[in-house]
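Down below is the structure, laid out as structure tokens.
Every number for a ligand or one of its atoms is a count from 1 in the order of the listing.
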Amino acid sequence: MCGIVGYIGRQQAYPILIKGLHRLEYRGYDSAGVALLNGAGQLNVYKAKGKVSELEAFAEEKDLSGTVGIAHTRWATHGEPNVKNAHPHCSMSEQLAMIHNGIIENYESLRRMLLNEGFRFRSDTDTEVLVQLIEYVYNKEQTDLPTAVRTALRQVSGAYAIAVIDRRNPDMVVAARKGSPLVVGVGDGELFLASDATPIVEYTPNIVYIGDEQMVILERGKQPKVQMLDGKEVQYEVKHLSLSIDQLEKGGFDHFMLKEIFEQPATLRAALQGGEEGRGGTSLVERMLPDFVRHKERFLNAQRIIITACGTSWHAGLIAKYALEEFARIPCEVDYSSEFRYRQPVVSEHDVVIAISQSGETADTLAAIELAKQQGALICSVCNVHGSSIPRLSDGCFYTHAGPEIGVASTKAFTSQVIVLTMLALAVGREKGVLLEERFASLTEELQRLPQKVETVLQQDDTIRAFASTYTFAHDAIYLGRGYNFPVALEGALKLKEISYIHSEGYPAGEMKHGPIALVSPEMPVVVIATQGATYDKVVSNILEIKARKGRIISIVTEGDRQVRDVSEFSVEVPATDECLSPIINVVPLQLLSYHVAVSKGCDVDQPRNLAKSVTVE
Ligand code: AGP
């Protein structure tokens with residue numbers, strides 16, 4: 001996913017822009033660039049393939065002066081990753097420079113029209129078509145930059161967050177968004193813009209979230225002006241964000257991912273607290289789920305709950321399904337968002353749709369709830385980013401309060417999603433009268449012990465790291481679990497797959513005999529979640545079947561379990577808890593295992609190849 005940053009104000013723009021790009025590196029990218037307007041009316045554009053550090057090396061001896069500029073990290077959609085296709089893109093006259101996050105779907109027809117009007121193109125990108133279109137309108141209508149941008153965007157279909165600067169007007173940056181995120185920072189005599197708040201908050205806590213199909217004009221020395229694309233002024237709220245710098249730094253860890261794994265006791269406590277906003281709540285439900293209280297009737301009368309999500313969030317949804325059906329006795333379906341949005345689902349006003357998304361910007365999940373909303377369902381989201389697109393489209397949102405998750409591989413957000421969803425299932429079940437008060441009380445008391453129990457698991461990091469280094473030979477791996485821990489097996493496999501590039505699959509342990517057992521060999525580790533639960537004996541049988549075929553067992557077991565530990569090559573003992581709560585504990589050793597294997601293999605853990613932190617394009 002691309003990242004955009006912009007600045008206009010009293011300071012030199014370049015250092016702020018470059019630092020902002022570093023803050024956005026976690027989004028995944030393959031090239032970067034910056035455009036600066038210096039005091040002499042020159043537009044200087046520098047671009048490089050690869051990392052931001054390569055852009056810095058390229059620009060080192062260049063003219064980096066100027067107090068207004070835009071910068072970009074590109075995750076290639078149209079056109080391969082190279083300097084030619086890197087942003088910013090300039091108009092043919094080289095008066096305008098533009099950066100873009102998203103996809104212009106009708107760029108080919110626009111490109112043909114512009115070619116007929118005499119325009120020539122230097123790149124293979126859809127972005128260059130848009131900046132040329134803006135110039136075409138600018139010249140044809142003899143108008144100003146905001147009007148040209150507005151007029152051009154009305155001819156565009158697709159998703160965008162753009163920022164444009166004009167060599168003839170060094171006192172203005174024009175930005176706009178549709179389907180891709182855009183936030184503005186309001187400082188003292190300076191204005192910032194970015195894809196999210198992380199490049200901004202060290203300069204100002206005052207953030208404006210730009211709404212869909214809105215444009216913002218940043219003029220030197222003035223307050224931002226927000227308009228709809230028809231030019232109508234929009235009132236906006238300046239939010240005060242309390243993100244601290246250390247939340248953005250690695251805090252002494254080698255990678256953001258490891259920092260975020262170790263943050264989980266704190267982030268689980270934050271979820272239980274309901275974040276800053278929850279401090280006033282008198283009960284756990286009021287603190288964690290204020291929007292459940294608001295939409296209680298719709299939940300209690302729901303004929304079905306549909307969960308839609310992608311990736312790790314989809315795994316959290318699977319766990320929620322088990323909890324909602326066990327405790328709330330409501331039929332629950334879990335759909336990949338990319339499937340849900342295209343399969344003509346049958347949805348009605350009797351349904352509650354829950355969208356789970358760490359970033360709140362995943363395009364498929366956004367489209368899925370737009371579809372469900374049209375069919376009358378109540379839309380609630382479980383999200384980690386305040387003010388992001390999915391909560392803004394939802395009727396209610398259960399925030400996870402995990403703080404910025406920078407590592408591409410989701411960890412703390414996942415366990416926070418699961419604890420919030422589990423609390424929701426318990427709350428609905430109690431309100432419906434199908435979950436007895438004493439069971440509700442014992443489970444919610446155990447929920448509040450989980451942070452401490454996760455801390456116990458984290459103390460085994462050294463032994464997990466030592467074992468992981470022996471695991472790097474593997475080209476394939478299988479993860480097995482049953483019940484609530486089947487989704488944990490899927491999640492453990494995804495973690496290993498996405499950061500170590502080892503092909504790994506998760507299966508229900510009961511499925512082994514239906515195919516996967518054919519794969520068992522000494523070369524393929526089998527990770528089994530075998531903590532105490534209703535199907536423990538079945539899992540033990542699966543383990544013994546694998547052992548009988550010379551399989552290598554790595555197991556997650558309940559403290560004191562010797563039976564499984566003695567047949568495992570490596571075993572992690574975790575504190576006992578209720579089976580329905582065990583995913584939050586059991587996933588932690590799997591997160592650590594995948595992290596240490598990836599580090600042993602020399603992989604780029606925080607920015608794995610080909611991946612983005614949030615997939616804001618289809
Ligand atoms: C998880 O480690 C991956 N980074 C990815 O599967 C992610 O969970 C997925 O893209 C969904 O993102 P979201 O939660 O921000 O919607």
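Among all heavy-atom pairs drawn from Asn85 and Glu80, the shortest one is ND2-O, 2.9 Å.
Between Tyr336 and Trp314, the two ring planes are parallel [angle under 30°; tilted spans 30° to 60°].
Within the structure, no pair that satisfies the salt bridge (charged side-chain N to carboxylate O under 4.0 Å, His left out) test touches residues 586-603, not counting sequence neighbours. Residue pairs meeting the side chain to side chain donor-acceptor pair (under 3.5 Å) criterion with at least one member in residues 382-391, sequence neighbours excluded: Arg177-Ser389, Gln358-Asn384, Glu361-Ser389, Asn384-Thr400.
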For a quick test of your reading: what N or O donor-acceptor pairs under 3.5 Å do the side chains of residues 420-427 make, sequence neighbours left out?
unit_1: Thr422; atom_1: OG1; unit_2: Val418; atom_2: O; d: 2.7

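Paired with Gln264 under the rule side chain to side chain donor-acceptor pair (under 3.5 Å), one option of Arg269, Gln591, Lys412 passes, and it is Gln591.
Residues with a heavy atom under 4.0 Å from ligand 1: Cys310, Gly311, Thr312, Ser313, Ser357, Gln358, Ser359, Thr362, Val408, Ala409, Ser410, Leu494, Lys495, Glu498.
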